[in-house]
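In the text below, chain A, chain B and the rest are named by the order of the sequence lines, each starting its count at 1.
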Protein chains: 2
Amino acid sequence: MAYTGQMRWAPDARGRLQGAALDLFSEQGYAATTVPQITARAGLTTRTFFRHFADKREVIFGGDEIPERAARMIAAAPAELAHMEVIRLVLHRVAQEQFEGHHEQTAEIRTLIHANDSLRDRDARKRDDMVRAVRAAFIERGEPPLTATVVAELGILVFQVSLDEWAADPDAPPMTAVIDAVMHRLGDLSLSLRPSAAEPLG
Amino acid sequence: MAYTGQMRWAPDARGRLQGAALDLFSEQGYAATTVPQITARAGLTTRTFFRHFADKREVIFGGDEIPERAARMIAAAPAELAHMEVIRLVLHRVAQEQFEGHHEQTAEIRTLIHANDSLRDRDARKRDDMVRAVRAAFIERGEPPLTATVVAELGILVFQVSLDEWAADPDAPPMTAVIDAVMHRLGDLSLSLRPSAAEPLG
DNA sequence: CTATCTGATGTCACGTCGTGTCATGGCATA
DNA sequence: TATGCCATGACACGACGTGACATCAGATAG
């Protein structure tokens, strides 16, 4: 299936590499696919692959703008909103704009990631990157560092759990609904952290 | 500093490799240290390194029994304890038994990890492994899956934030106190998730 | 005391990843 | 036509990680 013709100056080299990689990963698995295989299918050379992606995993994770967008949304959120309501607002918008309507593709990528330790590594660090970005945004809002840390961790916790729950269920409700469900469960659990709260535990 | 003598059958090869690696990492940095350098200092060969550690990073992360121990503690915890009190109990014990008294060494390792993306990757996946173990333990206790997921994520969130806060501060209070502080902050923040809670926000 | 077995280590060859460096080919612009 | 820019190619190379087989110390049996 490798192109023998002159693809060198065909447009969208990066996109061709991503397409070829995703195809091969689903055909043979991630580990069994080599970079030369990918570039052969895309009609490019190995060296060019590493000009577009820092390493083999980035062909899946590359071009993620969620941290920046989330930070901007937090900065633009009404000042009077409670911490976790800012989180809810941002997550809803990210869900709608980035994921809703791409359920199948998202599920495929999540499956791929969960099947390979090297990709799980990278996915877990991406989560950490998101936490850092959100934390910085809340500090920018004037929150004390520990509060910003915990809010950011909580927000990304909700995001990650919701994303995997949503992606794993073929008949899942809209991702915004999953987010709300996770946040509600979080509220239940946190009750026992506040002995002052006078509600009995379920 | 490389041993020229016959170290081949000297005891504790694994420990010698870890010691040599940690020394070299702090002297030259992680990325600049090669596996042959490590094995030369430990008086062994490259091949032997990879018999003891699956890859170069595992010389830092290897031999981590926290997930198993945490799972056993959860299984043994009194059935009437609220979710987050089980978490608090387990985290206190892990803090006391694994970290208290090793502040300096812990801080050094955390610094090393935070300075290198490849190690951050691995550290982030280790966190995910802990979440999975804790989640499984709560499911074993009879919790529904989503509750188990969120409890586990929350628990490990507290652990990770507390560990880094504690390690980063040379004059930190006991780690158990940091854990309690983080959990208290978590309770504050979660208030806004429960509109029914009648307390005003701080 | 010797034979044998076992497990850790050594030796060697190899494939893949990822980078440094310089050469080349298309395209735009003057 | 000349010039420069930039994406890509070509090549060499070091480091990572693995498979296969050889070797050596110590334990155990006879």
Side-chain angles (χ1 to χ4, degrees), chain A residues 2-22 24-25 27-63 112 116-122 125, chain B residues 2-22 24-25 27-63 112-113 115-122 125:
Chain A
Y3 299 96
T4 53
Q6 197 54 337
M7 298 295 292
R8 180 173 174 181
W9 298 107
D12 193 22
R14 184 185 174 93
R16 271 152 53 213
L17 287 168
Q18 282 178 320
L22 268 296
L24 286 165
F25 291 164
E27 289 172 18
Q28 321 173 345
Y30 172 81
T33 302
T34 68
V35 174
Q37 282 176 341
I38 297 168
T39 52
R41 184 171 294 210
L44 296 165
T45 62
T46 303
R47 189 66 185 87
T48 296
F49 180 92
F50 291 107
R51 288 201 179 93
H52 286 279
F53 305 101
D55 62 52
K56 190 174 151 189
R57 299 170 304 177
E58 291 304 305
V59 76
I60 295 179
F61 293 97
L112 192 60
N116 183 276
D117 278 348
S118 172
L119 297 178
R120 282 183 58 211
D121 278 8
R122 184 63 184 84
R125 176 157 67 86
Chain B
Y3 300 97
T4 53
Q6 197 53 340
M7 298 295 294
R8 181 174 174 179
W9 297 105
D12 195 22
R14 183 186 175 94
R16 270 152 54 215
L17 287 168
Q18 283 177 318
L22 269 296
L24 287 165
F25 291 164
E27 289 171 18
Q28 320 173 344
Y30 172 80
T33 302
T34 68
V35 173
Q37 282 177 340
I38 297 168
T39 53
R41 184 171 294 209
L44 295 166
T45 61
T46 303
R47 189 67 185 85
T48 296
F49 179 93
F50 291 106
R51 288 199 179 93
H52 286 279
F53 305 100
D55 61 54
K56 190 175 152 189
R57 300 171 303 178
E58 291 304 305
V59 77
I60 295 178
F61 293 97
L112 193 60
I113 291 172
N116 183 276
D117 278 348
S118 172
L119 297 178
R120 283 183 57 213
D121 278 7
R122 185 63 183 84
R125 175 156 68 88

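D121(A) has its CG atom 17 Å from the P atom of dC16(D), to the nearest Å. The interatomic distance linking L17(B) (CG) with dG17(D) (C1') rounds to 15 Å, in whole Å. Nucleotide dG18(C) holds its C1' atom 13 Å from the NZ atom of K56(B), rounded to whole Å. As rounded to whole Å, 5 Å separates atom C1' of dC17(C) from atom CZ of F50(A). In this structure, CZ of R16(A) is placed 11 Å from C1' of dA7(D), rounded to the nearest angstrom. As rounded to whole Å, 14 Å separates atom P of dT18(D) from atom CZ of F53(B). Taking atom CG of residue D117(B) and atom P of nucleotide dC17(C), one finds them 20 Å apart after rounding to whole Å. As rounded to whole Å, 15 Å separates atom P of dC17(C) from atom CD of E58(A).
To the nearest 0.5 Å, atoms CG (D121(B)) and CZ (R57(A)) are separated by 4.5 Å. Going from atom CD1 of I38(A) over to atom CZ of R16(A) covers 13.5 Å, rounded to the nearest 0.5 Å.
A donor N or O paired with an acceptor N or O is not found under 3.5 Å between the base of dG18(C) and the side-chain atoms of R51(A).
Between T48(A) and dG9(D), a side-chain N or O to OP1/OP2 separation shorter than 4.0 Å is present. Residue H52(B) places no side-chain N or O under 4.0 Å from the OP1 or OP2 atom of dA8(C).
Using a distance-only test at 3.5 Å, with no hydrogens or angles considered, no donor-acceptor pair links the side chain of R125(B) to the main chain of R120(A).
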Verdict with reasoning, L119(B) to L112(B), per side-chain contact (heavy atoms from CB on, under 4.5 Å): CA-CA 8 Å; L119(B) 297 178; L112(B) 193 60; 4.3 Å; yes

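Distance from the side chain of R47(B) is smallest to dC12(C) among dC12(C), dC11(D), dC16(D). Taking the side chain of T45(A) as heavy atoms from C-beta on, and the options dT11(C), dC16(D), dG9(D), the nearest nucleotide is dG9(D). For A13(B), taking side-chain heavy atoms from C-beta onward, the closest of the listed nucleotides dG18(C), dT8(D), dT9(C) is dT9(C).
A 4.5 Å side-chain heavy-atom check between R122(A) and E58(A) finds at least one atom pair inside the cut-off.
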